[in-house]
Each structure stands twice: as C-alpha cells, then as structure tokens.
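In what follows, a structure is listed as structure tokens, so that the remarks can point back to it.
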Amino acid sequence: MSWLPLSFGAPMVLWGLLALPVIWWLLRFTPPKPQTEIFPPLKILARVLKREETPQQSPWWLTLLRLLMAALIVAALAEPVFNPREKLPAEGAALALVIDNDWASAADWGQRVATAERLIADASSNEVPVIIAFTAEKPNAEIGPFDAAAALDRLRAAKPRPIPTDRPAVYARVAATLESLPGASVAVLADGLAAEGDEAAFNTLLSKNAARVVWAVSDRPALIGLTGADNQVDGFELTAIRAPGDPAPAQVTAGAFDDKGRRIADATLTFSPGESTATGTMAVPFELRNDFASITLDGQRQAGAVRVLDENSKRRRVGLLSQAEADQAQPLLSPLYYIRRALQPFADLAEPSSADLADAIPQLLDQKPAMIVMADVGTIPEQVRQRLVDWVDNGGTLVRFAGSRLVAGGNDDDLLPVRLRTGERSLGGALSWTTPQAVTDFPKTGPFADLAPPAEVTVTRQVLAEPTPDIVERTWATLADGTPLVTGMKKGKGTLVLFHVTPEATWSNLPISGSFVEMLRRIVQLSRNQGAAVANAEAAATSLAPYRMISADGTLVPPTPDARPLVPGAGPLPVTFENPPGLYGSETGVFAHNLLNAESSFAPLVRPQITVPVTTIQYAFDESHNLKGPLVAAALLLMVLDTLAVFWMGGLFSRRPRRAGTAAATTAALLIALGALGGHTDIARADDAKPGDDRAIEDISKTRIAYVQTGEQSVDSISRAGLEGLTRFLIEKTALEPGAPASVDISKDQLSFYPLIYWPIDPAAPMPSQAAIARVDAYMQQGGTVLFDTRDQFATGIGADSASPATERLRDILGNLNVPPLEPVPSDHVLTKSFYILPEFPGRFAGSPLWVAASLEASNTENRPVRTGDGVSPIMITANDFAGAWAVDENGDPLLPTVPSDPMQRIYALRAGVNIMMYMLTGNYKSDQVHVPVLLERLGQ
C-alpha cells in the first residue's frame with residue numbers, strides 16, 4: 001500500500017486507528033487519581049467551608065496526549081516508509097550481480113554500492129541467493145552463490161581498482177555458474193565505457209539462463225583522461241581525451257606536482273564542441289619542468305586523470321661543440337647538423353659563442369649541461385682540460401665523434417673510453433675493407449640492447465680501437481667484422497662515449513638513419529640518471545619492484561600487497577591487477593607505468609540487444625527513510641510526559657522536600673524578618689538590581705555574626721578568630737549552622753543583615769563619626785543588638801568614678817546613643833537559661849558582669865520574667881573579653897590563655913556565647929512557659 005511519498009509495509013495495522021474513539025471514551029470518563037497534600041494549616045483553614053470534590057473526567061489535554069500516543073504506536077506498527085522506492089526485479093533462482101569496479105567507477109563508487117545494496121536487500125526479501133562478481137579483481141576471486149548477508153559483506157569490502165575491466169573472463173565465470181540456476185535475474189552495473197570484447201562477453205552472460213536484466217547506468221559527467229605528457233622544446237605538451245560526440249565545449253585545468261606533492265605549474269585544456277581530444281602546454285623553463293613528478297587533471301578523481309613521470313619525461317641540457325667552421329651554404333656537411341636534428345626533440349641544446357676551445361668549453365660548463373657532444377674535437381687545451389675531466393667524474397656524460405682532428409689529437413685516457421690506433425681504417429686504405437661493413441646485433445651489456453640493428457646502415461671508414469682485455473665490455477655497437485662502432489665506459493660518476501665514425505654522412509650513413517636518433521636518445525636517458533641502472537639494457541631485462549602506485553581515485557599511495565614487480569619492455573605495457581599503474585623502481589631511479597597511452601580512447605558503452613525483460617535504473621543513494629524508529633521514539637517521549645503529568649496531578653511534586661525550595665523559603669523568611677525589624681525593608685526586583693545586591697543576598701542566605709572593624713589589626717584578627725571559634729561551637733552543640741563571621745564598617749556597611757554585632761572597644765582606635773554612631777543607633781532601634789566588650793575586666797560598673805581608657809571610650813560612644821537603663825543579667829533572666837544553665841558569663845576574664853537592658857519592673861523580682869515580654873536587649877556590655885576566650889586557630893586550638901588559667905572557664909565562655917545567640921534568635925521564649933496553662937484554657941483544652 002503506497003500513498004506517495006509515504007508507504008506502509010503492513011497497511012492492515014492502520015485499521016487499529018478505528019479504536020481511537022473507544023480509547024477517547026475510556027480516557028474521557030476515567031478521572032485522574034485524587035491529589036493528596038501534607039497537612040498545611042492555613043490552607044485547610046481557608047477551605048473549611050468548602051466541600052471536597054473529585055474531577056468527573058480526565059482533562060482534555062491529557063486525553064489528547066494519550067490519543068496521540070496510541071496513534072503513533074499504531075502508525076509505527078504499520079512500518080511506514082517516507083519517499084519509498086520501487087522494488088527491483090531481484091527474483092528467480094538467483095540474483096547475479098556483475099559490477100565494474102575499474103578506474104572509471106571510482107568517481108561514483110558510493111552510488112554504485114548503494115544501488116547494489118538495494119538489489120541485495122530485495123533479493124534477501126525474496127530469499128534468493130546472490131552471485132556477486134567484480135570485473136577488476138583477481139582472476140580467481142570467488143563469486144558465489146552467497147546468501148544476502150555474505151554478499152553484502154563482500155560488496156562492502158570491495159573497492160575500485162586503478163585498472164581496466166576484464167569483462168570477457170568475469171562474464172564467462174558468471175555464465176558458467178548460472179547454468180545450474182535457470183530463471184535467474186542478472187544485474188549489470190557497468191562503468192559506461194566500452195572495452196574490447198564487450199559484445200562477446202554480453203552474449204555469453206545473457207545467453208545462460210538469464211530471465212530478466214537490470215541495467216544500471218550513470219548520470220555523472222563524462223570522464224576525461226590524460227593520454228600524453230611530452231616534454232618538448234618550449235614546454236610540456238599535454239593531451240587529454242573524452243568520449244566522442246559530446247556537443248558541449250569543456251575546459252579542464254591540469255596541475256603539475258613535484259616529488260613532494262607541491263603544485264608548481266598549471267595549464268588549461270579546452271575541448272571544442274564535438275571534439276574528443278584537447279591539448280595544452282605548460283610553458284615553463286625546462287629546469288622547472290625537470291622537477292615534474294606527476295600531472296593531474298583537476299576535478300577528475302580517477303586514475304585516468306593522473307600521469308606519473310620518470311626520467312624519460314625530463315629534459316636535459318646538452319652542450320654541442322665542434323672545431324669546424326659552419327658552412328651556411330652547405331649545412332648538411334656541418335659536423336653538428338645531424339646531431340642537432342637528432343637531439344632537439346628531447347633535449348635543450350646549448351652552443352658556445354666562441355670557436356676557441358679555451359673559451360667554448362668553460363662557456364658550456366657554466367651552463368651545467370648533463371651531456372656534452374664533441375664533433376671531431378682534437379686536443380683539449382690544457383687550461384680547461386682538468387675542469388672538463390672533473391665535470392665527467394662528477395656525473396657528466398661526454399660523447400665524442402671521430403674525425404681527422406680526433407685522430408691527430410692522439411689518445412687521452414681521461415676523455416676517451418678506449419685507446420685508439422694511429423690513423424683510421426677506410427674502404428681501399430691500408431686497413432681496408434673490400435665491401436662496406438654493416439652493423440650487427442647490439443651487445444646485451446650496452447644501452448642499445450633492445451634496439452634492432454639498422455640493416456640500412458653501412459660504414460666505409462672508422463677509427464679503430466686498440467685491442468685490450470676490456471674492449472668487449474666497453475663495446476656498445478659493433479660492425480660485422482667485430483670492430484667497435486660505439487664504445488663507452490663509466491668514469492667516476494660520469495660516462496665517456498665514442499662514436500668511431502664522424503657525425504656527418506661522410507664515413508657512414510649512420511647519422512642519417514633513424515637508429516642514430518634512438519642511440520643518442522638512449523645516451524641522453526643514461527645521462528639523466530647519471531648512470532642509474534634503469535637506463536641500461538641490463539636493468540631493462542630486470543624486474544622493477546613497485547615503488548609508488550596510482551590509486552583508483554588518482555592519488556599516489558604505497559604499493560599494495562597485490563602489486564608485483566614489472567619487467568619494462570619496448571612499447572606500452574598492459575595495466576593489470578598485478579601491475580597497476582604507478583612508479584616502479586626505487587629512489588635511485590623509477591619507471592613510469594601509466595594507465596592511458598597515446599593510443600587510448602573513450603567510447604560509450606552501448607546496451608546490447610537483449611531479448612528478456614530489461615529494467616533500466618540509475619546509480620543513486622537510497623533516499624527512502626523508515627519512520628518506524630522515529631515514531632516509536634515519539635510515542636515513548638509522550639509516555640514519559642504522560643507519566644510526569646500523572647505524578648503532577650497526584651501531588652507528588654508538591655510533597656517532596658527540596659533543598660532549593662528550602663533555601664528559597666529561608667531566604668524569603670529572612671527578608672520578611674528584616675522587613676519586620678525595619679518596617680520598611682525593600683525587596684529589590686530583578687530589573688531594579690543595584691551594585692552590592694549580590695553580597696546582600698549572600699549575607700542573608702545564612703545567619704552570620706558580625707564584628708566591628710576597629711582599624712587595629714591585632715584587635716580585628718582576635719575578633720574574627722573568636723567569632724569563628726564560637727561558630728564552630730554552635731555547629732557542634734546546636735542545630736544552628738551559622739555562616740562565616742563578617743566584618744562590618746559601621747560607617748557604610750548594611751548592619752540590618754546581622755542579628756548580633758560584636759564591638760571590641762580599643763582606646764587606640766579612632767573615634768567613630770557621628771554619622772556612624774547614628775547608624776548604630778538606628779540598628780539598635782530596629783531590633784539589632786550590639787555586644788560592647790571593653791576587654792579590661794571592668795567590675796565596678798559603668799557609672800563608677802574611676803574608669804579605664806577603654807571604658808572612657810565606651811562612655812563617649814554611648815553618650816551619642818539612645819541607651820536604655822542597664823542592669824547586670826539577673827539570676828532569673830532568659831540569658832541564664834536560653835540553652836545552658838549559666839549563673840555567670842565569663843570570657844577570657846571572669847570578673848565583669850554582663851550588662852543588659854533593665855526589665856520594666858526590675859523591683860518586682862517575682863513577676864519580672866513574665867512581664868518583660870518577648871523583647872531582646874538592644875545592647876550588651878562586658879569587660880571579660882569574650883572574643884579572646886572564643887578565639888581558635890585553623891586547627892581549633894585556643895589562641896589566648898584564660899585568666900585565671902582554668903580549662904572550664906573557656907567552656908563556660910563558649911556556653912555564654914551560645915546562650916547569647918539563642919537569646920538573640922528566639923527571644924524570651926523560656927519565660928512564656930508560665931502562660932501555657934492559660935493558653936490551653938483559652939483553646940478549650
């Protein structure tokens with residue numbers, strides 16, 4: 001069942017959607033679970049007169065949520081597919097997949113694999129075996145039949161190869177396998193290029209029990225290959241090809257790369273409309289051209305668009321030298337005429353401007369040639385001779401031609417490969433032939449070994465070599481009588497070569513033959529490698545190991561395990577599975593083995609005449625999407641939302657204790673308490689935030705004890721250490737967990753954040769300003785308490801005639817405050833029993849009483865605790881140095897000794913601090929216990 005662009009694998013399941021109205025009715029009339037609440041006194045009192053109700057039906061949004069969840073589950077079970085594809089004819093006795101995985105398939109290999117996967121999936125659904133064969137694999141690769149899983153594994157393990165297809169052999173193997181599987185489906189996934197033997201291959205494949213055919217074609221742009229890269233005189237000439245018949249013009253850019261992968265040159269090749277060949281030239285200096293290691297066509301990610309280069313593609317500078325004067329009227333008689341014509345296509349020629357050898361040889365050597373050709377040059381001037389010898393020893397190739405001057409110059413062991421006889425041998429002379437001598441087969445040890453001996457070449461005159469033991473090893477070409485025509489030898493890193501005839505057609509017709517050009521070309525190749533082994537015939541007969549291979553996508557990679565050594569030979573070598581394209585040899589010298597050559601061409605593959613039904617498809621990725629997974633995930637998400645909604649409606653979230661909520665409630669309670677103290681505390685809104693609000697929130701998040709900054713470092717440090725010690729004791733002994741003590745500057749800091757402020761009086765500290773004292777007075781009037789500590793063991797009362805300096809300073813401070821009447825803490829005061837039972841309040845000293853605000857009826861000792869109410873004294877005064885007794889270091893050890901030295905005195909001092917804090921935070925709640933009988937009576941208990 002298909003409703004484009006959506007289809008269902010099990011459409012009958014969709015009938016389950018008819019059950020949605022029934023589900024809606026059940027959910028609509030099923031009320032949710034009643035909500036329960038933990039006892040909230042005020043809320044229940046507000047609902048005393050209301051009747052408890054239970055919802056009659058489920059909320060509409062919850063019903064809609066559940067209906068949608070049910071619909072998603074039904075749709076998922078129907079196996080929906082978005083953008084479904086048509087099922088391919090993969091049926092019958094088997095499915096035979098024949099896939100081109102050659103270099104031309106690299107550009108769209110991913111689409112080719114996706115297409116084959118769809119075919120295998122359809123074969124799996126039809127439960128038919130799969131035969132899978134690749135046309136660019138090993139000849140003995142297994143092709144099946146396989147089950148769908150095994151075929152899929154082989155498909156995903158395959159990769160494109162940088163070699164041509166071998167359709168005849170592979171199609172024959174597939175046809176042989178199909179003989180036992182009549183009525184099979186055959187799927188041809190071709191690369192689109194015709195190859196030799198295609199017609200016979202397709203006839204063999206489709207004539208063996210093929211009942212139906214799937215023909216896959218590519219819609220990608222036409223391939224472009226690089227068939228030539230020749231290093232000419234003016235530049236590197238490139239040749240590219242494409243399939244014929246394309247009416248559209250095309251342009252492609254080629255880039256040249258050195259052996260390190262750097263791009264060093266570019267060229268543009270343009271295909272005219274309807275043309276299949278394009279040429280272009282990289283016009284760069286030959287020194288830069290000699291650094292070319294490979295040339296690649298941009299945008300063509302396949303092996304045919306890459307061409308690797310070896311020494312044969314590198315041009316070398318060749319110096320030409322002759323002592324004969326040029327005759328413009330008779331150029332054919334010039335000693336350098338035939339040499340120049342032979343070398344010009346593959347070398348850059350350099351000639352000196354002077355005929356004097358003393359000047360000409362240095363001029364040539366300054367241009368750093370790879371080879372120097374001397375045409376009938378006799379004696380070398382002594383002043384330049386050693387420099388020429390050093391050049392040969394360092395790798396230069398010196399080629400000399402015989403002539404009258406050479407014979408007259410005599411032997412030169414450093415610049416000739418063999419010793420020469422005096423005089424020359426000619427037809428009719430003293431050492432004469434009766435007939436002209438022909439050239440015999442070239443020796444196997446020389447660079448001309450693979451050349452055919454020129455039958456048309458004859459020699460009528462020559463320079464003879466002295467017979468020596470090594471004359472045979474140094475002979476590169478011989479005449480019919482066994483005398484050498486060309487001799488050569490290695491000298492140092494260089495090479496010496498001698499042609500025993502003149503360079504013009506006077507002693508022999510060799511200079512006007514084609515063999516003369518090829519012989520000079522081989523010598524130039526030899527000079528390029530500076531005597532490397534790959535240039536001579538011995539290496540030509542030896543196999544070269546794989547060095548760098550061209551992959552199917554056109555990149556240079558290390559050799560694959562399947563690559564085998566290559567034996568170079570004359571003419572283009574075939575590219576096979578064991579000899580893929582690339583470089584063969586080693587770092588000392590390489591041989592370029594390219595995929596395409598000058599005779600290569602592209603022809604489009606034409607579908608053969610097929611008598612069975614054919615289904616034509618295009619390579620493409622599978623764009624269909626199975627929606628079963630996303631629908632199930634959406635249903636699960638709705639199920640989670642439904643569960644959370646049920647928990648919320650059941651009151652689960654409103655009952656759980658939350659630390660964040662507790663912290664928020666504590667903060668709100670503190671803000672309300674501060675508002676009650678001040679009567680006008682403002683709570684800033686987020687959009688009214690001011691600098692310092694963050695610190696204010698931090699100060700009210702926890703209860704903190706503050707101390708006044710006196711400006712004296714020793715006093716302030718003892719105050720802080722003392723309050724830290726009291727804080728530790730409070731945390732250990734009570735349920736209160738105060739925050740870290742705070743230091744306040746009474747002239748500018750907010751004081752209302754702290755329930756108690758400890759003020760150590762020091763006469764050396766500066767006197768607070770009137771504004772600061774006024775702020776302290778306002779703090780005390782609004783409910784805060786200040787604990788003054790003169791720390792001088794004051795015991796005679798603050799009104800005594802004699803007073804210490806600290807007491808005098810305290811009197812000056814209190815003179816500007818609205819201080820209520822004071823009295824020592826009575827024995828029945830709440831401070832004596834707010835937490836511990838304490839008869840007195842010692843500190844570091846034990847002689848001073850603790851002064852607090854006097855009760856309203858101080859004379860009525862019996863009723864005073866009842867009549868004092870819940871008020872807290874705004875002021876406390878002592879001289880016992882509370883902070884000195886409370887002070888501890890980082891390890892919790894006391895900082896100062898008590899006076900007298902009594903361990904229990906410090907314990908009593910800490911207990912006094914606990915009582916003071918409890919008194920500040922709870923008020924006179926102890927004195928209210930006497931009212932319990934009256935309160936119970938009023939409540940009717």
Side-chain angles (χ1 to χ4, degrees), residues 665-684 692 695-708 723 726-727 730 734 736 738-739 741-759 768 771-789 813-814 816-823 825 829-831 834-835 841 850-856 858 864-878 882 912-928:
T666 303
T667 303
L670 288 174
L671 290 173
I672 295 173
L674 292 174
L677 288 174
H680 58 274
T681 302
D682 295 330
I683 301 176
R695 181 182 175 184
I697 294 174
E698 181 182 357
D699 289 338
I700 67 174
S701 61
K702 276 193 175 183
T703 302
R704 304 175 70 189
I705 312 173
Y707 66 91
V708 175
L723 295 187
L726 178 59
T727 299
L730 285 167
T734 70
L736 178 65
S743 62
V744 295
D745 185 350
I746 60 175
S747 63
K748 59 181 180 180
D749 289 341
Q750 178 62 258
L751 306 180
S752 60
F753 294 152
Y754 313 103
L756 176 67
I757 298 178
Y758 177 76
W759 191 341
I773 294 177
R775 297 179 83 249
V776 174
D777 187 65
Y779 166 74
M780 295 169 58
Q781 296 297 326
Q782 295 171 0
T785 298
V786 180
L787 173 58
F788 294 95
D789 192 344
I813 294 173
L814 297 180
N816 297 315
L817 296 174
N818 295 315
V819 180
L822 304 176
E823 65 174 347
V825 175
H829 197 276
V830 175
L831 273 171
S834 60
F835 196 85
F841 299 89
L850 178 62
W851 293 79
V852 295
S855 302
L856 296 178
R864 178 166 46 193
V866 177
R867 296 176 181 176
T868 54
D870 291 336
V872 176
S873 175
I875 186 173
M876 297 182 187
I877 301 176
T878 185
F882 281 166
V914 172
N915 276 24
I916 292 173
M917 281 302 299
M918 292 302 172
Y919 169 66
M920 295 304 307
L921 296 176
T922 63
N924 293 338
Y925 78 100
K926 294 283 187 178
S927 62
D928 285 339

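Numbering starts at 1 and runs along the sequence shown.
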With a 4.5 Å limit on heavy-atom distance, are the side chains of Ile875 and Val819 in contact? yes
Tightest non-hydrogen contact, residues Phe882 and Tyr758, listed as N-OH, 4.0 Å
Nearest heavy-atom neighbours spanning Val872 and Tyr919: CA-OH, 3.4 Å
Quick check: does any side chain N or O of Thr785 sit under 3.5 Å from a backbone N or O of Ser873, one acting as donor and the other as acceptor? yes
Closest non-hydrogen atom pair, Gly739 against Thr727: O-CG2, 3.8 Å
Evaluate the side-chain proximity of Leu831 to Phe841: yes if any heavy-atom separation is below 4.5 Å, no if none is. yes
All heavy atoms of Pro755 vs all of Met920, minimum pair found to be O-CE, 3.3 Å
Measure the CG-CG distance between Leu822 and Leu814 for me, rounded to the nearest 0.5 Å. 7.5 Å
Check: Asp777 side chain, Asn818 main-chain N or O, donor-acceptor pair, under 3.5 Å: yes
Using side-chain heavy atoms (C-beta onward) and a distance below 4.5 Å, is Thr734 in contact with Met917? no
Any heavy-atom pair between the side chains of Ile877 and Val852 that's under 4.5 Å? no
Just verifying a value: how many Å separate Arg704 CZ and Leu756 CG, rounded to the nearest 0.5 Å? 14.0 Å
Any donor-acceptor pair under 3.5 Å linking the side chain of Ser834 with the backbone of Met918? no
Roughly how far, to the nearest 0.5 Å, is the NE2 atom of His829 from the CG atom of Leu850? 9.0 Å
Could you measure the distance from the CG atom of Leu736 to the CZ atom of Phe835? Nearest 0.5 Å is fine. 10.0 Å
How would you list, by chain and number, every residue that makes a ring pair (Phe, Tyr, Trp, His ring centres under 6.0 Å) with Tyr779, sequence neighbours excluded? none
Side chain to side chain contact (heavy atoms under 4.5 Å, CB included) between Asp789 and Met876, worked out: CA-CA 8 Å; Asp789 192 344; Met876 297 182 187; over 6 Å; no
Residues two or more places apart in sequence or in another chain: which of them pass side chain to side chain contact (heavy atoms under 4.5 Å, CB included) with Ala772? Ile746, Ser747, Pro768, Ser769
Closest non-hydrogen atom pair, Val914 against Leu726: N-CD1, 4.0 Å
Determine whether Tyr707 and Val744 make a side-chain contact, defined as any pair of heavy atoms from C-beta on separated by less than 4.5 Å. no
I'd like to check Ile705 versus Ile757 (side-chain heavy atoms, cut-off strictly below 4.5 Å). Are they in contact? no
So, does Arg775 use its side chain to make a donor-acceptor pair with the main chain of Asp749 at under 3.5 Å? yes
